[in-house]
Structure formats: C-alpha cells, structure tokens
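Reminder, nothing fancy here: chain letters follow the sequence lines and each chain counts from 1.
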Protein chains: 2
Amino acid sequence: MSRVKCPKCQNVERILKAGIIRNKQRYFCKECVYHFIIKKVQKDNHILSDKPASQVSLQDIASVAGVSITTVSRALKNRPDISIQTREYIKELAKSLNYQPNILAQSLVNKSTHTLGVIIPSLETTVFSTMLGGIQEVASKAGYRVIICNSNENHETEIANIQGLMNHLIDGLLICHSIQTSSYEHIRIHLGKRIPIVQFYRVAIGLPISQILAEDEVGAEKVTAYLIKKGCRRIALLLGPKNLSITQKRFNGYKISLEKHGINLDIKLLAHVDFLQESVEKALEDWLKINPKIDGIISISDKSAAQIIRLLKKKSIKIPEEINVFGFGNEFTGQIVEPELSTFDTKTRIIGEEAARLIIEQIISGNQEVTSKLIPGEIILRGSA
Amino acid sequence: MSRVKCPKCQNVERILKAGIIRNKQRYFCKECVYHFIIKKVQKDNHILSDKPASQVSLQDIASVAGVSITTVSRALKNRPDISIQTREYIKELAKSLNYQPNILAQSLVNKSTHTLGVIIPSLETTVFSTMLGGIQEVASKAGYRVIICNSNENHETEIANIQGLMNHLIDGLLICHSIQTSSYEHIRIHLGKRIPIVQFYRVAIGLPISQILAEDEVGAEKVTAYLIKKGCRRIALLLGPKNLSITQKRFNGYKISLEKHGINLDIKLLAHVDFLQESVEKALEDWLKINPKIDGIISISDKSAAQIIRLLKKKSIKIPEEINVFGFGNEFTGQIVEPELSTFDTKTRIIGEEAARLIIEQIISGNQEVTSKLIPGEIILRGSA
DNA sequence: ACCGTTAACGTAAACGTTTACGTTAACGAT
DNA sequence: ATCGTTAACGTAAACGTTTACGTTAACGGT
C-alpha cells in the first residue's frame, strides 16, 4: 500500500504499520522481522554553518590540526609523549581559534572545581562584607573562585544554599550561620565527606568543625574590665539573639569580668536585639528607665553603638561623662560619630583571610583535622569611653 | 624463557619482549601477532567497599532498583513513559539513599548553569555591597546562584575574572567596572555570544551593552541647582577618576546646572580622588585655600562627605552656614554624622535588583536587545545643606 | 491468526574533558 | 633477519547527566 522500504532488507512488499511512537509512524518488516521508523533527512551541517556563538572545543582544534583530541589535550597541558613541533603548532592553533577550556567538563573529570562556597547572613552589614573581602583576596591569590550565597539571616535559605553548593559545585565550604539557625543537622550530614567545612565568626558550638573566631569572650571581658576600671558599675550589654555563639561568648566574658570585680549581674542590664534599628532604640528606652541608672553600654556592633550615641545625644545625655559607650568591630562609622567611638576591634578582615587560608589548606592537604583559631582583637580607645 | 601467556591465543612459547612502556614490560606474541602488557589483578571492589564519602549517582540507584539509568532519570524528573509504581519506588529509594544530582554534569548536558556572574570593584564599599544585596535577592528568587568576583578596582583582575566566568560557568554576566578599566576589548569579544552581559552603575560608554544606571547626571544637576538656590556660588565637586562613567556624568550635570544659572565653571573647584581617605583630605585642603571661598561641596559618596564634615568641624567651619555639604548614595553613615547629611539617594539596591532582573529576562528569553535604564533617584534633605 | 496500538522500559549518544592503555613506525643492536 | 627499544601518536573509558530512538510484551479488534 505504501512505498515504504525496509532499511535492512530493502523489501517494499511485506511492510506493516506497527503503531505510532512519539508522533511518528512505525513499521514492521515481515521479511526480516524488523521494526523501524522512517528517519528524517540529515541537515547539511558540513562546515561551521550555524555555530557562530558556540565555544571551540578540543574536538574542533583536533579536526583542524588533523590529530586526535588526546594529542591536543597533551599539547595544551604540556604533557609528555608529544613532539615539540606538534605541541607548539597546536598551542598556536588553539590561541588563534581562541580556545577556552570548558571548566564544567574539567571539573566533572577532575572532581574539583577550584571554587569555594561561602554562606553569609547578609551582604549589607559591614562585618560580613569585610570578612568577604578577606576571603576573596586569599582565595583569588590561591587560584580559587568564590560563590557567595546570602542566607538573609534565614534558616531555610541557609539549608537550601548549602545543599546546592554541596552538589559538586565547590571544593570547600565557609559558613557563617544565620540568626535563625539553631539546629545544625544540615551541617552534620556533610561532615566527614570529601568537602571540608570551616565555620567563621558565628559558629555552631559543639560540632566537630574547624572554626575561625573573633575574641568575643576575651574582648567582652577586656571591655567590661576597662569600663569598671573607669568607674562604671551599671554596665548595660547589648546582645544578639540568644542562640548565636557570639551572644553567648560575649555574655560569658562580661559575666566573668563582673565576677572578678565583685559586681553582681543584673539581668535587666541585658538586651537581645535583632540588629534592626527599631529594636536597638527599644532596648535603649528600657535601659534609661532602670534605677540605679546605667553608666556604661557595650554594644553588639559599631553601627548600633553609633545609633545609641545619636539617640543619647538627642536626649542630652553626655558621653562619656554620664554614659560610656563601647562598640564592637571597628567599623568606619565609629570614626564619624561624635564623640568618636571606642571599640573592640575584632579584626574582621583577618577572620575572613584566615578562614579562607584554613579551608584551602584543608582542600589541598586532604587533612580535615578539626582546629579552632581565635583571632586576637584589640581595644581601640576614642572619645566615647 | 618466561611463563608469560598470550591473552589472545594462550600461547606460552613464542612470546617476545617488546619494549618497556610506562615502566611496564610489553610483550609480543608471534603466534597471533599481538602486542600486550600483563594486566594487574583487579581489586575486590564488590560492594561499596571504599566509597563512604562519594555521592550516590543515578547509576547507584539504578543498580539497587534493578532498572536502567534512564528509568531513574525519568522517575526523578517526572517524565512520562514510566509507570506510577516504578516512579514512586525510585523516588523513595533516591530519598533514602540521599541522592543529590551532580550539578556539573547537569550543566554540561543542559548547557546552562543557573548561575549569574557578578564582577564588582570592591566588597567593602557600601554602594557595591548594597547593589550585591539587590542582585542576590532577585537572583535567588528566580532560582539563580551568584558567583561574585572582586576585581579590587584592578583592570587585569577584571579581565581574568571575566574570562574565567565565561568559560561555561555562568548563564549571564553582570559587571560594574573597576576604576582602572579604560579599555573595553575584554568585554567586546564576548558580545553577541550566547551569554548576555549587563553593565550596572559604572558602565562603558559607547558599547552596545544593556545598562542599568543611577541618575548621575540628573542627580548632580538637581543637587547643584538646589545649592545654587540656597545661595551657593562657589560649589566644589568631588569626583572619582576621570575615566569613570559616573565621574563624567556627574560632571555633566554639574556643568549644565551652572550654565543654566549663569555661573562660570571654575576648574579649581573640581577634584578627582581615588576613594581613599587621604586623597579626600588632600582635595579638601586644596579647596580651602581657594579664593573666593567655597560655599558648597558635592561629594562623590556619603562616606567621603561624612569624612569632609568631620574635617570641616575640626577646623571649626560651620555646616551648613559656611559650607553646604551634599553626599551621594544615601548610606547609613549619613545619619550618624552631625549635622546629618543631605544626600542624593541613587537607590543603589534597586539598581542591583533591576540589573539582575534584566539579565535573567535576557537569559530566559534569549533576547539580547540592548536597553538602557535609568533608576530615578531622590534628593534627601537633612542638616548639612 | 493476523494486525494495529500502546505502556513501559532499555540502549546509546552526547556534553567536553582527562587519562590509562594500545599501537605504530623507525631505529639500533645482534 | 630477528629482536628489543622508544617517541609519538590514537582509542576508548570515565565523570554524571539528559534524551533521541529502539524494543518488548500485552492487549484489543477483526
């Protein structure tokens, strides 16, 4: 009935229809017992007809040079088993064709991407962008790219980001936890695998993971001691959410220092904020109502401290005469506010640098020994305390 | 002489040595004319003997389920041509084995990485980290990852970063040029290819590339006009390096406004700085020596403006009575300095958001039509002018 | 009995590399 | 002539996916 010809036995007579598959008629040849579908005619893609935009591959170079892909790879990678003439010829050819290796394919074979993943809670907070700067610099110098994921202080986002990065995109993970992160199951499941993890600044306490930390406890202790020495007895402490490691450590340092100097801890002097301007203002209002009056404030960040100073001045409260204000982090803002802010410099950039250094070392050595490093900070005295 | 047996014909007699290759003895069987090397005995890697750390692949699932890789892929991707029972079984199996797809392999096949590349001159400058925040947010919501490369205001680094990212790592490139970038050959060679490029904030003038811009010209014009209306006649203008687009545009706006109000342009009132504190201080010193005296300063950024205010106050120069100071960018610092800083809000975050939105649209639609978008800014009046 | 249809699978090519292993031809020594 | 050696290449598998295409068995209609 039809002019269909069997591609195997060339028979035209005993061909039967045999169903429709993917919108194409299928046939069955009774002669040679063979099912088949009529192929479309091939397009004429002889020469580089329609690939203006696509990158040239090893195959393209090999075709032009008249050698195999292996030989091209050998030439470009300076491997042995190739003659000098061939090597130079191929190298020049590759350059003239503007060959660029496909990093995806390389990574797939080499099982290494030369990329670090960084999970950061926010990009618009000075401490974090400063740490990122340190990470970037060290990573770049060591030949590593950086994928930055912003968790936006959100637990779910943090989990999703980590999962994505861990799916073979990175050689190592640097993580600074979000405010909301209180369980660490999503980290634990990746421990002991191929990809090393380093926590920095905000860390999970109690997990066997390498950490790079600021001197939160020591710093808070030193600052508290300094204020006590200056005569303060009612020192208010502005802290972040309770689950954060920096919150716990700074509180510890504060408490230790009070104990050493025989001052009783007053819970009313503690406040937990979420880094937003409103919550800082609220905490300050509450403190100012307390009796006996507060005579010192240790802030969670320089930004909040600067904000506190502005608010106190609006209320005509003298700094440092009535209230001493101390910041944490040594941000630029502290040099702008009046009086200039005394602060504990946590050496934020160095934390980033060290974190990158540590993870790169772990990647290269394959040694994932758990280490914990404290970056020494420094009290910087200016006008506010 | 030896007990070597030919793997083909099992002959033991007519075996000859045939060179050493990669430190292994090679043999030649005269019987069947065959070269061979004695293979090492295979290791017993029956069960998952030594893969505690390696991720499970489609192949692993397929082996356990007793089906082919294709079937597993179909199940996990909800493709047709699979029975519901099989699909559900495989899905559960995958979950219990904690299967995670290898994004590298997916990207290689799909020729798409769902990743945006961003080249930024610095991470520690507020405008940039704010724009990054905007980019990140829009990208995340659209399901795109972000690779951030810090050019560190360096031309060579910018070139290297772009080249790296373009080697199949990203689906689209967002770029904000470094100070040092004056030639744009490294951008031009990537135009018209598969990967769209969008410039933002600092752009190359004259290249056919889509751009998202701040209202630099209009903003400078408005600010200048405002100061003139307030009575200023000697308005100093702090600019960045001459090759930057924002420098040229802000200067244009300034000039236009002066002309409109019949004020002559005085070159001595212009200063080009490199964003470092020292150069700002130097520019200010020079200005203060000029006669007739300056009565207004338009700064390149809020940070520099805040710095200028502090310096002026140290010299007991009254703001805004003697000198009006205007910033650019609406950074947090402007609310801390006293008097609070009047500024032109360039809506930095929106610039980032729009840049991300535009490039994602170009990626999805495949339409690389060149568009240029100006993000409307807004004058914010506070105490300094 | 014969034919047409379809659900549900499998095979293999493709993406662009890297690399273990095979092969060839030329050369020198016996 | 026969054998050992080596430089310089090629072949093919592997990395983990996706997908075009082929195949099988079962079923229903005549």
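- Without hydrogens or angle criteria, A/Asp60 side chain to A/Ser57 main chain gives a donor-acceptor distance under 3.5 Å.
- No side-chain donor-acceptor contact under 3.5 Å links A/His168 and B/Gln55.
- C/dT19 atom C1' lies 14 Å from atom CD of A/Gln106, rounded to whole Å.
- Distance from the side chain of A/Thr70 is smallest for D/dG10 among the nucleotides D/dC21, D/dT18, D/dG10.
- Listed pair A/Arg74 / D/dC9 fails the phosphate criterion, with no side-chain N or O lying under 4.0 Å from OP1 or OP2.
- As judged by a 4.0 angstrom heavy-atom cut-off over every strand, A/Gln100 is placed among residues touching the sugar-phosphate backbone only.
- Between A/Lys95 and A/Glu92 there is no salt bridge, since none of the side-chain N atoms of the basic residue sits less than 4.0 Å from a carboxylate O of the acidic one.
- As judged by a 4.0 angstrom heavy-atom cut-off over every strand, A/Ser73 is placed among the base-contacting residues.
- Among the heavy atoms of the strands lying under 4.0 Å from A/Pro101 are primed sugar atoms or P, OP1, OP2 only; no base atom is included.
- When rounded to the nearest whole Å, the span between CZ of A/Arg79 and P of D/dC9 equals 16 Å.
- Under the 30°/60° scheme for interplanar angles, the aromatic rings of B/His114 and B/Tyr144 are found to be tilted.
- For the pair B/Asn102 and A/Val67, nearest-nucleotide mapping onto DNA chain D gives the more 5' position to A/Val67.
- Using a 4.0 Å heavy-atom distance criterion, A/Ser68 is classed as a base contact.
- Comparing D/dT17, C/dC9, D/dC9 against the side chain of A/Thr86 picks out D/dC9 as the nearest.
- Taking only side-chain nitrogens and oxygens, B/Tyr99 comes nearer than 4.0 Å to OP1 or OP2 of D/dT17.
- OP1 or OP2 of D/dG10 sits under 4.0 Å from a side-chain N or O of A/Thr71.
- Contact between the side-chain N/O atoms of B/Lys77 and the OP1/OP2 oxygens of D/dT17 is not found at any separation under 4.0 Å.
- Comparing the axis of the opening five pairs of the helix from C/dA1-D/dT30 to C/dT30-D/dA1 with that of the closing five pairs yields an angle of 70°, rounded to 10°.
- Remark: A/Glu361 does not engage A/Arg357 in a salt bridge, criterion side-chain N to carboxylate O under 4.0 Å.
- Whole-Å rounding puts the B/His168 NE2 to C/dT17 P distance at 7 Å.
- When each of B/Ala105 and B/Gln85 is assigned the nucleotide of DNA chain C bearing its nearest heavy atom, the one mapping closer to the 5' terminus is B/Gln85.
- The distance from atom NE2 of B/His114 to atom C1' of D/dT17 is 15 Å, rounded to the nearest whole Å.
- The interatomic distance linking A/Asn78 (CG) with C/dT19 (C1') rounds to 16 Å, in whole Å.
- Across D/dT18, D/dC9, C/dT19, the shortest atom-to-atom separation from the side chain of B/Ile69 is found for D/dT18.
- One can place NZ of A/Lys111 at 7 Å from P of D/dC15, the figure rounded to the nearest angstrom.
- Checked by atom type, the side-chain pair A/Ser68/A/Thr71 shows a donor-acceptor distance below 3.5 Å.
- Atom-to-atom, CG of B/Asp60 to C1' of D/dG16 comes out at 10 Å; the value is rounded to the nearest Å.
- Under the 3.5 Å distance criterion, with hydrogens and angles disregarded, no donor-acceptor pair is assigned to the side chains of B/Asn152 and B/Thr157.
- Using modelled atom types, one finds no donor on one side chain facing an acceptor on the other under 3.5 Å when comparing B/His186 with B/Gln163.
- Using a 4.0 Å heavy-atom cutoff across all strands shown, A/Leu104 reaches no nucleic acid atom at all.
- The nucleotide whose nearest atom lies closest to any side-chain atom of A/Val109 is, among D/dC9, C/dT19, C/dT18, C/dT18.
- Regarding B/Leu108, its CG atom lies at a distance of 13 Å from the C1' atom of C/dT18, rounded to whole Å.
- Side-chain contact of A/Gln199 with A/Ser210: a donor-acceptor pair under 3.5 Å is absent, judged by distance alone.
- The residue B/Ser57 sits close only to the backbone: its heavy atoms come under 4.0 Å of sugar-phosphate atoms, none of a base.
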